[in-house]
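Encoded as C-alpha cells, the structure appears first; notes follow it.
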Amino acid sequence: MRLFALLLGLLFSLTGVSAAVAQPVQSQPTGVVAFGPQRTERIEAELVPMSQWVAPGSTTVVAVRQKIAPGWHTYWRNPGDSGGATSLIWTLPAGVTADPILWPLPSRQRLMSLMNYGYSGAVLLPVPIHVPPTARPGEVLTLTTDVLFLVCSDQMCVPEPMTLSLALPVREGAAPLAKPWGEEIERLVETAPRPAGIEARVTRQGGQLILTATAGPLIGADIGQVYFYPFDGGRIDHAAAQSGQRGANGLTLTLAPGKETATTALSGVLATDKGAWEITAEPGAPLAGAQGGAALKPLDDAAETAAKTGAWVFLQALGLALLGGLVLNLMPCVFPVLAMKAASLSAAAHDPARARRDGLAFTAGVLVSFLVLAGALLVLRAAGQAIGWGFQLQSPGVVAALALVMLLVGLNLSGVFHVGAGLQNAGSAPLSRLPGSAGAFFTGVLAVVVAAPCTAPFMAAALGAALVLPWPMALAVFLMLGLGLALPYLAVSLSPGLLSRLPRPGVWMERLKGLLAFPMYGAALWLLWVFTRQGGVDALGLLLTAALLLALAAWLTGLAQAARQRDERLILTTICAIVVGVLALGLAGVAAGAARQADATPQGDSGPLATQPWSAAAVKAATTSGRPVLVNLTADWCVTCKINERAALSSPRVAKAMREANAAYLVGDWTRRDDAITRELQAHGRSGVPLYLLYRPGRAEPEILPQLLTEGVVVDALKD
C-alpha cells in the first residue's frame with residue numbers, strides 16, 4: 001500500500017499534476033525572487049534561501065520549508081515502520097549541483113505497535129547547492145525541484161506532489177543571510193548530524209543487538225540521554241525501547257533486532273543530549289571503554305517537546321473555553337433560554353435547597369449536551385467528514401424541531417398549558433419554570449443547542465484548538481466551555497447571600513413569566529426565518545401549518561389540565577390533543593423533507609456592498625489582479641454574523657472604504673453544509689462562523705479580523 005501511494009504520487013508529479021504552478025509573488029530588494037508557497041489541505045511548502053545571493057564557485061544552502069496541518073506529518077529519510085521519505089528531483093542550471101538533504105533530527109511518532117520517524121508542524125529541510133566558478137555575476141540561477149511529500153494522519157496517507165522554485169542572483173563577495181529563514185537554516189546546517197570520528201561496533205548477543213561507540217566527541221562527554229535512529233528500515237525494531245550505559249570513552253546501546261537478520265554494518269544517527277552524529281557500526285566485538293558507567297535515558301525528541309508545548313496549548317484552550325462560555329451568556333441567541341432560568345431563579349430565591357438542586361441540574365444538562373455535541377463532532381471528523389461547530393443548525397430538520405420547541409416553551413410560559421403537574425394548590429399559580437430537576441436539566445440542554453450558532457469571542461480559538469487536540473483533551477475543552485456557560489447561574493444558585501437579595505415570589509412572577517414568553521416566540525420566529533432560507537417558502541408553509549396544529553394541541557392540553565384540577569375528565573379533549581400533536585409532528589417532518597430537497601441557494605445578507613460568492617479561486621483571481629479581498633464566512637443561523645453585517649458591513653462608511661481600496665467582497669454562506677467553507681475555517685484554526693479575512697496583494701496569508709466587527713475596524717484594516 002505504501003509503495004502504491006508513493007508510485008501514484010510520483011506519477012502525478014511526472015505528468016505535471018501538481019498542487020499548483022509556482023508563480024513569483026515578490027522581488028526582494030536583495031534580488032532574490034521569492035515564489036509563492038504551494039498549498040493543499042494538508043501541507044504548505046516553498047523553497048527558501050539561506051543567503052541573499054550566491055558567489056561564483058561557492059556553496060549555498062536552500063531549504064524546503066514545510067508547514068504541515070495539525071494532525072498530519074511527513075517523514076524522515078527512514079520513515080520507520082510505515083510511510084515514505086520526502087523525495088526531491090532537481091532541475092538546475094548548467095554546472096549547478098545539489099547534495100542530498102541534510103535531514104534534521106525527526107520526531108518519534110508512535111501509532112499503536114508502530115514507530116515512525118518524521119516531522120509535524122513547521123520544518124525546514126536544508127539542501128547544499130554548489131555553484132560553478134563559471135557562474136557570472138549579474139545572472140540569475142533558477143532552482144526548481146519536484147517534491148513528493150507523503151503526508152499522513154493516524155487514519156490515512158496522501159501523496160502530495162509539488163513543484164517548487166527559487167531564483168538566486170549571482171554576485172561577488174560573501175552574501176548576508178536572507179530573511180526570514182536564513183538564520184534558522186544556518187542553525188540547522190551547523191547542528192545537522194555529521195560523521196565525527198566515532199568508532200562503532202554492533203554485536204548480536206542473546207537475541208539483542210549491542211551497539212558500542214567510542215572516541216571522538218564521546219570521550220569525556222557527560223551524556224545523560226541517547227537514541228539511535230537507523231538509516232535503513234528493518235534493521236532494528238523501531239518501536240522497542242532502547243536502553244543505554246555510559247562508559248569512560250563512549251557508550252553502549254541495547255537494541256531489539258528488526259526483521260532483517262543481516263550482519264552487515266549498521267548506519268544511522270547517534271543522537272544524545274550533547275549532540276548528534278552519523279555513525280557506521282561495523283560487525284564486531286564490543287569496544288572497550290563503552291560500559292561500566294551510569295545508565296542512560298531515552299533522548300527527549302521533538303515529539304516530547306511538542307507534547308510539552310501541547311500541554312501549554314491545552315491549558316490555554318481550557319482558559320479560553322471558560323472565558324468563551326462566560327461571554328456566550330451575553331449572546332442574543334442564548335437570551336430566551338436564560339430568561340426561563342431567570343424566572344426559575346426568582347421562584348426559588350428563598351428556597352436554597354431547591355435553588356442548589358436546580359443550579360446543579362441545569363449545569364449537568366449543559367455539560368452533558370456539550371459532551372454529546374462534541375462527541376458527535378469528533379466522531380464525524382474522525383470519519384473524514386468536513387464539519388464544524390453549529391453543524392446541527394445546518395439541518396432543516398433540527399431547525400424545524402427547535403422552532404416548534406421554542407413555540408411550546410413560549411406557550412407554556414404564557415399559561416396556555418403547564419408541563420408536568422398543574423396547579424400546586426388551589427389558588428396558587430404554577431411555577432414560572434419547567435418543573436423540578438428534570439426541567440432544569442433539559443433547559444440546560446436547550447441552552448446548548450441554541451447557543452451553538454453564537455461563536456463568542458475566545459470560544460472560536462478554544463474550539464479550533466479542541467478539534468486538533470487528542471480526543472480526551474478536546475472533550476475537556478468542550479466541558480470547560482459548558483462550565484463557562486452555566487457558571488453564572490450555578491454561582492447564584494449556590495450562594496445564599498445572593499439569593500436572599502432577590503424579591504420574594506408573588507404576583508409579579510406571573511407577570512414576569514408572561515413577559516419572558518415573548519423572547520421564546522422571537523426565537524421561534526428567528527428559526528422559522530432560518531428554515532425559510534434553507535428550504536424556501538413552500539417548506540415554510542408546511543412548517544407554519546405544523547406550528548398552528550401544535551399550538552392547538554397545546555391549547556387542548558391546557559383545557560384538559562384545567563379540567564383535572566376541577567376533578568373532571570375531558571377524555572375526548574385529551575385524545576384530540578394527542579391526535580393533533582401527532583399530526584403536527586408528522587407535518588413538521590414533511591416540511592423538513594421538503595426543505596432538504598429544495599434547491600435553496602441562501603446568501604448571507606451583505607448590505608450595500610457588491611458581493612460575489614466565496615471560493616479559493618475567486619480570492620486568487622482578485623489578488624492576482626492587484627485587488628484586496630474581504631472575505632465574510634457567515635450563516636443565516638449565526639446571530640453574531642447578522643449583527644456584524646447590520647452594524648458594520650452595511651455601513652456607508654465601509655462601502656466607501658471598499659470602493660476607495662478597489663476591494664472585492666466575497667461571501668461564503670455556511671447556512672447549509674459546505675465542505676469547502678468548513679475546510680477554510682479549519683485552515684485558520686476555526687470551527688465555526690463568523691470568520692472575516694482580509695487578503696492583500698503580494699501577501700500569502702490573510703489578516704484575520706475580530707469576530708465582533710465595527711465599521712472602524714473594517715475601515716482601518718482596509719487603509720493599512
Side-chain angles (χ1 to χ4, degrees), residues 317-318 320-342 344-345 357-381 387-395 397-406 408-409 419 433-456 458-460 462-463 466-467 471-491 493 519-520 523-524 526-527 530 637-640 687-688:
L318 289 179
L320 290 173
L322 182 64
L323 286 174
L326 288 169
V327 176
L328 204 55
N329 286 282
L330 305 178
M331 291 293 145
C333 50
V334 189
F335 284 161
V337 178
L338 295 184
M340 288 193 301
K341 296 318 299 172
S344 170
L345 194 61
R357 181 193 65 199
D358 281 7
L360 292 172
F362 176 76
T363 303
V366 169
L367 296 181
V368 169
S369 301
F370 264 103
L371 276 180
V372 171
L373 278 177
L377 186 65
L378 294 173
V379 167
L380 290 171
R381 183 64 53 84
I387 198 164
W389 187 247
F391 67 94
Q392 69 276 12
L393 291 185
Q394 293 177 327
S395 165
V398 173
V399 173
L402 279 176
L404 296 181
V405 167
M406 293 294 182
L408 284 177
V409 172
V419 177
R433 63 182 183 93
L434 295 174
S437 298
F441 179 88
F442 286 107
T443 304
V445 173
L446 189 61
V448 173
V449 174
V450 300
C454 291
T455 308
F458 306 109
M459 179 177 164
L463 290 177
L467 293 176
W471 70 264
M473 291 183 177
L475 292 182
V477 172
F478 282 107
L479 283 176
M480 190 63 72
L481 184 60
L483 180 61
L485 175 62
L487 193 57
Y489 183 83
L490 178 64
S493 67
M520 308 309 298
W526 166 62
L527 289 164
V530 173
W637 40 259
C638 169
V639 179
T640 307
S687 62

| Distance, nearest 0.5 Å, that separates CG of Leu479 from CG of Leu371 | 4.0 Å

| remark: Taking every heavy atom of Thr363 against every heavy atom of Ala486, the minimum-distance pair comes out as OG1-CB, 3.8 Å

| note | In short, Ala403 meets Ala524 closest at the heavy-atom pair O-CB, 3.7 Å

| task | For residues Leu318 and Val477, determine if any side-chain heavy atom of one lies less than 4.5 Å from a side-chain heavy atom of the other. | result | yes

| task | Would you please name every residue forming a side chain to side chain contact (heavy atoms under 4.5 Å, CB included) with Leu408, sequence neighbours left out? | result | Phe417, Leu550, Ala554

| task | Could you tell me which residues satisfy side chain to side chain contact (heavy atoms under 4.5 Å, CB included) with Leu360, sequence neighbours excluded, listed by chain and number? | result | Leu490

| How many angstroms lie between atom CG of Leu367 and atom CE of Met480, to the nearest 0.5 angstrom? | 10.0 Å

| said: Counting C-beta onward and ignoring hydrogens, is there a side-chain heavy-atom pair between Phe441 and Val368 closer than 4.5 Å? | reply: yes

